[in-house]
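Encoded as structure tokens, the structure appears first; notes follow it.
As the structure lists them, so they are numbered: ligands from 1, and atoms in each ligand from 1.
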Amino acid sequence: MKIQESIARYIEKTGQTSLVPKAVLFDMDGVLYDSMRFHARSWYETACKHQLVATPELFYLYEGQTGDSTINELYRTTFHRDATEEEKRTIYAEKARLFNLYNDGEAMPGAADVLKAVRASGLQTLIVTGSGQHSLIDKVEHTYPGCFKREQMVTAFDVKLGKPHPEPYLMGLKKAGVQANEAFVVENAPMGVQAGVAAGIFTIAVNTGPLSDQVLLDAGADLLYPNMKALADDWENIMKAVRRAE
Ligand code: MG
């Protein structure tokens, strides 16, 4: 995908007059941490235990939405009804317990390079995640020292509506103090890409999971990279293209 063309397309489809990035809003699972395989495994094992119809890959498609929404969809598919509040609580607690057991807290390869490049360009860096896992949120400062301010993070505790609703990214813009055309979103999940696009933000997808590239492009990604290292390597080109488009 040519960067220059993507920028022109973004400006045309959003009706913006320019793209002047001042902040980058990073998703967490599958972008900053190599944690999605543990989420998928925990969800899948919990679903199987409760005889809910699922595949491991399904949870990559559901990534970004709230835990309650995921559990509801599993109940609708399997039993053709919504999950009760009690079922939601039980299933989510089991899934969270397994995730904490499996998760090794490994950083996503290349993510530190992306953060370094972004910050060298003078842009703010923020996290916008649907995760309510304290274990990961608390680890951020340890993994990426000085990159993120706790009070600027958007987590499951800050928003009512999960991705693909734009609310999390709109709140991210607010916390950064910038407009939609003054930010980038970096996302790995189709619903996360949809949320970034719905918030009117130039959205960069990194395909760090098992889904096809087309799923992320169909979700509306403005640019697509196979991994965070590739994004880091191309960062200077993105910034050059942005400056040329000004
Ligand atoms: Mg993600």
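- Within Asp27, the N/O/S atom positioned nearest the Mg ion (ligand 1) carries the name OD2.
- Counted by atom type alone, Lys160 and His165 present zero donor-acceptor pairs between their side chains at under 3.5 Å.
- Among the heteroatoms counted here (N, O or S) of Asp29, O is the one nearest to the Mg ion (ligand 1).
- Qualifying ring pair (Phe, Tyr, Trp, His ring centres under 6.0 Å) partners for Tyr75, counting only residues two or more places apart in sequence or in other chains: Phe79.
- Distance check for Glu63 against the Mg ion (ligand 1): an N/O/S atom falls below 2.8 Å.
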Task: Verdict with supporting geometry, Glu45 and Lys95, salt bridge (charged side-chain N to carboxylate O under 4.0 Å, His left out) - done: CA-CA 8 Å; Glu45 288 181 10; Lys95 183 265 165 181; over 6 Å; no

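- Using a cut-off of 2.8 Å, one finds that Asn188 contributes an N/O/S atom close to the Mg ion (ligand 1).
- One hydrophobic cluster holds both Phe148 and Met28 under the rule that ILVMFWY side chains link at heavy-atom gaps under 4.5 Å.
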